[in-house]
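Report on one structure; see the data block that follows.
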Amino acid sequence: MLTPKQGVTRQQIMAVVPSEIRETMKLYLDGKICQWYSRGDGRDVIFLIDAKTQDEARESWTPCRSQRNNWLITNTFRSDP
């Protein structure tokens, strides 16, 4: 689950949305993202990532600008089959 950190403005997030969408679609098309969901209020996004470990799932987000800028809180949850 990705949540903006306190103090990060909506304007900061919206400035990187176009590149974030492209990078997210690339991860989806590469098969790393299986599904994604967003809350109705637009505050959080949940991505289901195909990874063997939580570290591998976190590393999937390295290319994303908001993660590079350390703007988001990333929570990973393990889901066993």
Side-chain angles (χ1 to χ4, degrees):
M1 179 163 49
L2 301 175
T3 306
K5 288 185 177 179
Q6 188 172 7
V8 175
T9 66
R10 185 165 185 83
Q11 290 79 15
Q12 287 175 298
I13 298 289
M14 295 309 290
V16 297
V17 164
S19 63
E20 291 282 312
I21 290 170
R22 284 189 296 276
E23 292 170 7
T24 301
M25 281 305 300
K26 182 173 179 348
L27 290 171
Y28 176 73
L29 293 172
D30 288 346
K32 294 185 183 206
I33 296 175
C34 300
Q35 300 175 45
W36 71 77
Y37 303 91
S38 62
R39 286 179 29 169
D41 63 7
R43 294 185 46 92
D44 299 317
V45 179
I46 297 172
F47 293 96
L48 299 182
I49 299 172
D50 185 16
K52 293 187 181 356
T53 66
Q54 288 178 311
D55 287 337
E56 183 182 337
R58 279 188 209 100
E59 288 171 15
S60 296
W61 292 104
T62 320
C64 294
R65 181 184 316 237
S66 56
Q67 278 298 99
R68 287 193 306 260
N69 290 338
N70 200 26
W71 290 352
L72 299 174
I73 299 168
T74 306
N75 297 304
T76 56
F77 305 94
R78 190 172 145 193
S79 173
D80 293 323

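Numbers for residues simply follow the sequence, beginning at 1.
- Judged as a side-chain contact (heavy atoms from CB on, under 4.5 Å), and not counting sequence neighbours, the contacts of Gln11 are Thr9.
- When all heavy atoms of Ala57 and Ala51 are compared, the pair lying nearest together is N-CB, 3.7 Å.
- To the nearest 0.5 Å, atoms CD1 (Ile13) and CD (Glu20) are separated by 7.5 Å.
- Put simply, OG1 on Thr53 and CD on Glu59 are 7.0 Å apart, with the number rounded to the nearest 0.5 Å.
- Annotation: the span from Ile21 atom CD1 to Met25 atom CE amounts to 10.0 Å, rounded to 0.5 Å.
- Residues passing the side-chain contact (heavy atoms from CB on, under 4.5 Å) test with Ala15, sequence neighbours excluded: none.
- Ring pair Trp36/Phe47 is tilted by interplanar angle, where 30° to 60° counts as tilted.
- The heavy-atom pair separating Tyr28 from Ile33 by the smallest distance is CD1-O, 3.2 Å.
- Residues Cys34 and Asp50 share a closest heavy-atom pair of SG-CB, 3.7 Å.
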